[in-house]
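Keep in mind the model is a prediction, meaning the values are calculated, not measured. Protein chains get the first letters and strands the later ones, always in sequence-line order, with residue 1 at the start of each.
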There are 6 protein chains.
Amino acid sequence: MSETDRHERALKKLAEIDPDVAERLADSLRDIAPDLARHAIDFPFGDIFTRPGLDLKSREMINVAALTALGNATPQLKFHINGALNVGCSREQIVEIIIQMAVYAGFPAALNGMTAAKEVFAERDADNEPAD
Amino acid sequence: MSETDRHERALKKLAEIDPDVAERLADSLRDIAPDLARHAIDFPFGDIFTRPGLDLKSREMINVAALTALGNATPQLKFHINGALNVGCSREQIVEIIIQMAVYAGFPAALNGMTAAKEVFAERDADNEPAD
Amino acid sequence: MSETDRHERALKKLAEIDPDVAERLADSLRDIAPDLARHAIDFPFGDIFTRPGLDLKSREMINVAALTALGNATPQLKFHINGALNVGCSREQIVEIIIQMAVYAGFPAALNGMTAAKEVFAERDADNEPAD
Amino acid sequence: MSETDRHERALKKLAEIDPDVAERLADSLRDIAPDLARHAIDFPFGDIFTRPGLDLKSREMINVAALTALGNATPQLKFHINGALNVGCSREQIVEIIIQMAVYAGFPAALNGMTAAKEVFAERDADNEPAD
Amino acid sequence: MSETDRHERALKKLAEIDPDVAERLADSLRDIAPDLARHAIDFPFGDIFTRPGLDLKSREMINVAALTALGNATPQLKFHINGALNVGCSREQIVEIIIQMAVYAGFPAALNGMTAAKEVFAERDADNEPAD
Amino acid sequence: MSETDRHERALKKLAEIDPDVAERLADSLRDIAPDLARHAIDFPFGDIFTRPGLDLKSREMINVAALTALGNATPQLKFHINGALNVGCSREQIVEIIIQMAVYAGFPAALNGMTAAKEVFAERDADNEPAD
């Protein structure tokens, strides 16, 4: 597989999660580090998310868990909460994942993760998505 | 519900994940902090794991992800890799969860998580569990 | 003890620290995860803060230390700086706790913790609490 | 104050916590980084621990909390559990501090901190210190 | 060397990195913790940055790396991105350091570090520094 | 560029840092996750380390800094201390990098990083490398 094929595969996978994000990421990094946008798409979405053995919904559920637990990457947590919802996760499942993190990373991580979820849900409601 | 009912519920849920762990935990903390053993069982397994909205296998998958990403809790990571396998996760799924963490927590977290998985798989093989 | 008794005990302990927070927490999570508000009150304040062996002021002092060192939970750090002051800690003690963290978590953690303390002190001054 | 006075002040304070540690630290770093031993004594124990506003026992209690929460510095956690006991903290208080961390840093941090405490208590018992 | 000499040495070194920061730091902490401002200058810039064995540019490069990887100290990361540029690092080198962190701390750390760099570069451009 | 070319490029770069590590990594992951060995080589060493804009020695210096600061990845820290020495870093520079981390990540991170360095230096001495 060529680098170009890998990039195409990454963009296709990423579009399943969020159709606009590749362009938003490229825009935000265009003037400073366009290569980081490329790497941040090609490795995660071209090499890892496309692997067999774990479905896309499960991948996004574990990402929401990990980013909630780490507690220092709010923009990425919000992106993956959105992504999880886009690939079939329910709002109730997102809420449960975040509550579960209280056990392993403490209550501050869970409470701050829930604040992120609340913002994502509100943004989706404002865009007229019916709540599930 | 009484505290006793909550404890019974916790022990029952914990036994689904690992039938021996409650006793091992109580033994290890008996002389120093028996109450921590009780809290470490009752809150996670009585209050959280028993919640509806997320099945037990999914809970254990996200725990493996979070503990791999945090990278500073090897005994607990090994416990939940074991637990995930006990409640229906395949070894391939464990491996995929850990690889996925390279994206969000870096390669050291993924490599050290895989070392933990390798040890758990070897212990299970030594106990004559057929590999899946 | 019943779940209701545990909740009452938690609310009573929490009111010693901050009389309004239980309601604020319930309000903020009402639409998304009311159970998390309940868990975030009952386990910490019903099960842990009510334990003998460590007085409430000492508990809040160690919480300010831990949250300063972790460095990724500003809302909770501000809550416990406030709580520590409410249960008898002086502003000077808060400042010393945060400075001490430079040794164990580095200067950024201490400086960002002090920024949080400065905001809490200013909010309390604006509410006309005489500075100690 | 001269650098020499600062070092003397640091050694005196450190001796209140553990009379042997300065020499052990110097020994362990002599061949690789003797200056780090000096810095690791002079700044924490000469500049910070000697500050007024917080007594030595409180300083060691918050250090045990922070190091338990951070979860990646076991040798230092064990040193400060020992130090806290040496300056007047009871074993029960150490245990309570570590249990409290379950709330802010999760159960793995508390369980691994308790393992460290158990080792320190056993070492002290082996040295015939009567348990308190 | 006296404490005063040490402070003078620290201020001189700090002025090489950013001529205004000592005053800004003192101003921001004057009412709450003037001693922390003093400690945050004297230990890092008086004791450590003045050590032989590593040039100032290399010191600032590794600081940008560490603060990007830790991911929970944005004000300090921005300060050291600025400082690295002031002591001879190019914008391209800053960008490369931050991209490299994706390997060891994950993509969120690298992306959030790049956001900080973008803000610093824009502030410098607004102050009419020609981009390199 | 094809995936095969990328892998070849990665192996060549990795051989500059440590000629044996690719085989050791493949061996250790062969039975559990051979793909992780491939990803852990191709992305870091094929995509990132080969980028222009930062020389190999600088890359290894910042990696030692970041892994010391993170404090939860000792095997990887030891690998990159070795790698830094292999690509032209002096032992004195390694020591300075680790001491510098006391400022940003606290003394425990620096002390534990120095323990890792001490082990690496001793292993190299045992292999008859003359100390520099």
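Note: C:Ile62 CD1 to D:Ile62 CD1 = 10.0 Å, rounded to the nearest 0.5 Å. With rounding to the nearest 0.5 angstrom, the OH atom of C:Tyr104 is 4.0 Å from the CG atom of D:Asn63.
Taking 4.5 Å as the heavy-atom cut-off, the residues of residues 37-59 of chain C that approach chain D are C:Phe43, C:Pro44, C:Ile48, C:Phe49, C:Arg51, C:Pro52, C:Gly53, C:Leu54, C:Ser58, C:Arg59, ordered by number. Interface residues of residues 9-19 of chain D toward chain C, defined by a heavy-atom distance below 4.5 Å: none.
The minimum heavy-atom distance between D:Ala69 and C:Ala66, with the atom names listed, is CB-CB, 3.9 Å. Considering every non-hydrogen atom in both D:Ala105 and C:Leu70, the closest pair reads CB-CD1, 4.4 Å.
The parts of D:Ile97 that come within reach of chain C are both its backbone and its side chain, each placing non-hydrogen atoms under 4.5 angstrom from that chain.
Atom CD of C:Glu23 has 12 or fewer neighbouring heavy atoms from other residues, nucleotides or ligands inside a 6.0 Å radius.
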